[in-house]
Amino acid sequence: MLEIQRIRTDKEGIIEGLKKRHFDAAPIVENILELDQEWRTKKTELESIAAEMNQISKQIGLLFREGKQEEANAAKAKTGELKSAEAALKVTVDGIDTKIQDLMYQLPNVPNDLVKAGKSEEDNEIVETHGAPPAFNFVAKPHWELTTQYNLIDFELGVKITGAGFPVYRGKGAKLQRALINFFLAEADDAGYEEVIPPHMVNEASAIATGQLPDKEGQMYHDSRDDLYLIPTAEVPITNMYRNVILPDENFSVKLTGYTPCFRREAGSYGSDVRGLNRLHQFDKVEIVRLEHPDNTEQALNEMVDHVKNLLEKLGLQYRILRLCGGDCGFTSAMTYDFEVYSAAQDKWLEVSSVSRFDTFQANRLKLRFKNADKKTQLCHTLNGSALALPRIMAALLENFQTEDGIEIPEVLHAYTGFEKIS
RNA sequence: GGAGAGGUGGCGGAGUGGCUGAACGCGCACGCUUGGAAAGCGUGUUUAUGGAAACAUAACGGGGGUUCGAAUCCCCCUCUCUCCGCCA
């Protein structure tokens with residue numbers, strides 16, 4: 001959520017910035033400012049009535065103590081009118097407040113200066129490409145054939161147990177999955193991230209704070225009996241560790257990592273994109289989350305990008321980095337870098353990581369603040385990224401490292417898998 | 001799931017209708033004191049909103065109600081603790 005102060009002081013900047021998302025913010029912003037003006041007027045009015053009521057109440061108390069019953073009762077009589085005026089005003093003020101809130105929820109984050117305008121993924125900028133695409137002197141198989149051939153993942157069995165999009169990993173498939181998770185966590189640990197194992201279900205307040213609610217309700221699995229949501233990403237519980245927190249000074253840099261399964265309903269996605277591991281209802285991911293002083297955000301983002309690059313290079317995967325255009329950035333993001341690995345067998349780029357800065361957008365909803373040098377509370381910046389999401393990495397490893405008689409496991413994983421080849 | 005007891009400031013802990021945004025203690029910050037330190041003394045020490053500021057308003061788990069006035073009374077919800085039950 002954008003800060004109301006920012007809307008008051010930088011209306012044009014916000015409208016201009018959001019044009020890069022092809023989002024016409026002008027009507028909403030104007031509406032907010034109008035309501036805000038009205039709200040402030042009414043609120044001031046309300047408060048002066050409250051002040052008057054407080055005064056009278058105090059006097060009544062004094063009068064009673066002095067035994068001046070009649071005067072006290074006279075004063076009481078005066079309050080009736082004020083009281084109803086106060087009640088009416090309160091309804092008005094609360095009503096305006098709700099309207100503003102609803103409008104505020106509709107405004108996405110303002111893209112960073114580096115972000116280019118654009119509508120869809122067509123407009124994303126490729127900022128870096130590393131490595132050469134794998135070349136095969138035989139017909140490379142897509143991963144869904146390899147997982148069956150080597151008995152690594154059983155999609156049908158998952159359908160039987162649960163439904164489509166809930167695969168069963170088995171044998172070396174399960175071991176490879178676990179090896180990747182351990183490798184990613186070890187790398188994050190080396191980079192100074194504290195490992196956490198958060199709850200896999202969150203309450204409504206948490207889902208609102210990181211922006212999954214109220215809008216994207218349909219994307220999460222919901223347990224209505226206890227009113228809990230299965231997490232769509234570890235970002236939700238981990239970031240919410242710091243909901244309603246004021247860090248005591250400005251010398252902080254919180255770096256957290258966590259492995260969790262992620263659950264996404266992904267209602268309405270069909271077709272070839274969902275084949276095999278490409279899109280699942282349950283998948284594993286190691287996430288990195290950072291809370292930073294606004295002055296450090298740029299550097300933190302660069303460090304996170306470097307971290308993900310490092311992971312892909314150690315795995316020996318060819319990849320490219322995209323800076324998403326305004327239209328393709330997530331609602332809460334100020335800037336996002338996507339990492340894609342090329343799959344020769346599928347002849348397409350697979351998104352394996354997404355690293356974003358949110359600036360104060362999340363912190364504002366979270367009420368995550370710190371005490372700055374002037375002892376004032378100020379909103380923190382938050383960032384997060386996948387490091388990495390498992391399914392497409394698994395797909396890319398299987399597809400790109402296949403040989404005619406098996407799949408070569410990257411050396412860096414040998415210590416974690418306990419085997420060097422799947423055959 | 002059943003029964004009971006509770007949720008007050010960074011912490012401990014008072015407070016059953018008004019002078020309580022909150023005693024007292026601890027902690028913390030600054031100052032005095034000191035050769036230096038400790039002790040002692042003094043001052044300060046929540047957050048949000050509006051305001052240039054003075055200041056005003058709101059908040060004692062959350063929501064609603066009673067009242068001129070609620071941390072204090074009533075209702076609902078929620079969380080924690082203890083005992084019982086169940087259980088990896």
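Below, read A as the first sequence line, B as the second, and so on, with proteins coming before strands; counting in each chain starts at 1.
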Problem set entry | Nearest-angstrom distance from the residue atom CG of A/Leu35 to P of B/rG50 | 15 Å
Problem set entry | 5' precedence on RNA chain B between A/Arg369 and A/Gly61 (nearest-nucleotide basis) | A/Gly61
Problem set entry | Spacing of the P atoms in B/rA5 and B/rG44 (rounded, Å) | 41 Å
Exercise. Which nucleotide in the list B/rC68, B/rG50, B/rA56 gets nearest to the side chain of A/Ala51?
Worked result: B/rA56
Exercise. Nearest-Å distance, CD (A/Gln59) to P (B/rC68)?
Worked result: 16 Å
Exercise. Which whole-number value in Å describes the distance from A/Asp227 CG to B/rU78 P?
Worked result: 11 Å
For this session: Quote, to the nearest angstrom, the P distance that separates B/rG9 from B/rA14.
Result: 13 Å
Seminar exercise, completed: Atom NZ of A/Lys83 and atom P of B/rA70 are separated, to the nearest Å, by 9 Å
Exercise. Rounding to the closest angstrom, what is the interatomic distance between B/rC28 and B/rU46 at atom C1'?
Worked result: 14 Å
Problem set entry | Nucleotide opposite B/rC32 in a Watson-Crick or G-U pair, distances under 3.5 Å | B/rG40
Exercise. Got a salt bridge between A/Lys83 and A/Glu86, using NZ or NE/NH1/NH2 to carboxylate O under 4.0 Å?
Worked result: no
Exercise. If only side-chain N and O atoms of A/Asn54 are considered, is one of them under 4.0 Å from the OP1 or OP2 phosphate oxygen of B/rC68?
Worked result: no
Seminar exercise, completed: The nucleotide from B/rA56, B/rC68, B/rA58 with an atom nearest the side chain of A/Glu47 is B/rA56
Problem set entry | Partners meeting salt bridge (Lys or Arg N to Asp or Glu O under 4.0 Å) with A/Asp227 (sequence neighbours left out) | none
Exercise. Does B/rA48 have OP1 or OP2 sitting under 4.0 Å from an N or O in the side chain of A/Lys367?
Worked result: no
Problem set entry | For atom CG of A/Asn203 and atom P of B/rG62, their distance in whole Å | 16 Å
Problem set entry | Inter-nucleotide C1' distance (B/rC83, B/rG69), Å rounded | 41 Å
Problem set entry | Spacing between A/Leu247 atom CG and B/rU46 atom C1', to the nearest angstrom | 16 Å
Seminar exercise, completed: Of the candidates B/rG50, B/rC68, B/rU57, the side chain of A/Arg40 sits closest to B/rG50
For this session: Report which part of the nucleic acid A/Ile246 touches: base, sugar-phosphate, or nothing (heavy-atom distance under 4.0 Å, all strands).
Result: sugar-phosphate
Exercise. Using purine N1 to pyrimidine N3 plus N6-O4 or O6-N4 for Watson-Crick, or N1-O2 and O6-N3 for G-U wobble, each under 3.5 Å, what pairs with B/rC55?
Worked result: B/rG50
For this session: Classify the nucleic acid contact of A/Ala75 as base, sugar-phosphate or nothing, counting any heavy atom under 4.0 Å across all strands shown.
Result: nothing
Problem set entry | Carboxylate-amine/guanidinium proximity below 4.0 Å for A/Lys314 and A/Glu187 | yes
Problem set entry | Under-4.0 Å side-chain N/O to phosphate OP1/OP2 contact, A/Arg8 with B/rG50 | yes
Problem set entry | Presence of salt bridge, A/Arg290 and A/Glu303, under 4.0 angstrom | yes
For this session: Determine the contact category for A/Gln37: base if any of its heavy atoms lies under 4.0 Å from a base atom, sugar-phosphate if only primed atoms, P, OP1 or OP2 are that close, otherwise nothing.
Result: nothing
Problem set entry | Nearest-angstrom distance, P atom, B/rA37 to B/rC30 | 13 Å
Exercise. How would you label the contact of A/Ile60 with the nucleic acid (heavy atoms, under 4.0 Å): base, sugar-phosphate, or nothing?
Worked result: base
Exercise. Taking CD1 from A/Ile49 and P from B/rC68, how many angstroms apart are they, rounded to a whole number?
Worked result: 17 Å
Exercise. Does A/Asp359 pair with A/Arg357 as a salt bridge, N-O distance under 4.0 Å?
Worked result: yes
For this session: Could you measure between the two P atoms, the one in B/rA3 and the one in B/rA29, and give it in whole Å?
Result: 49 Å
Seminar exercise, completed: On RNA chain B, more 5' by nearest nucleotide between A/Lys90 and A/Thr79 is A/Lys90
Exercise. Distance between the P atoms of B/rG35 and B/rU20, in whole angstroms?
Worked result: 42 Å
Exercise. Any side-chain N or O of A/Gln55 less than 4.0 Å from the OP1 or OP2 oxygen of B/rA56?
Worked result: no
For this session: Determine: side-chain N/O of A/Thr377 to OP1/OP2 of B/rA48, distance under 4.0 Å, yes or no.
Result: yes
For this session: Could you check whether A/Ser57 gets within reach of a base, just the sugar-phosphate, or nothing at all, counting any heavy atom under 4.0 Å?
Result: base
Problem set entry | Spacing between A/Leu63 atom CG and B/rC19 atom C1', to the nearest angstrom | 13 Å
Exercise. What interatomic distance, in whole Å, is found between C1' of B/rU78 and the corresponding atom of B/rG61?
Worked result: 8 Å
Seminar exercise, completed: As its Watson-Crick or G-U partner within any shown strand, both distances under 3.5 Å, B/rG4 has B/rC81
For this session: Answer yes when A/Lys421 and A/Asp405 have at least one side-chain N-carboxylate O distance shorter than 4.0 Å, and no when they do not.
Result: yes
Problem set entry | A/Glu30 with A/Lys11: basic N within carboxylate O range, under 4.0 Å | yes
Problem set entry | Electrostatic pair A/Asp36:A/Arg8 at N-O distance under 4.0 angstrom | yes
Exercise. Does any nucleotide pair with B/rU16 by Watson-Crick or G-U wobble geometry, both distances under 3.5 Å, and what is it?
Worked result: none
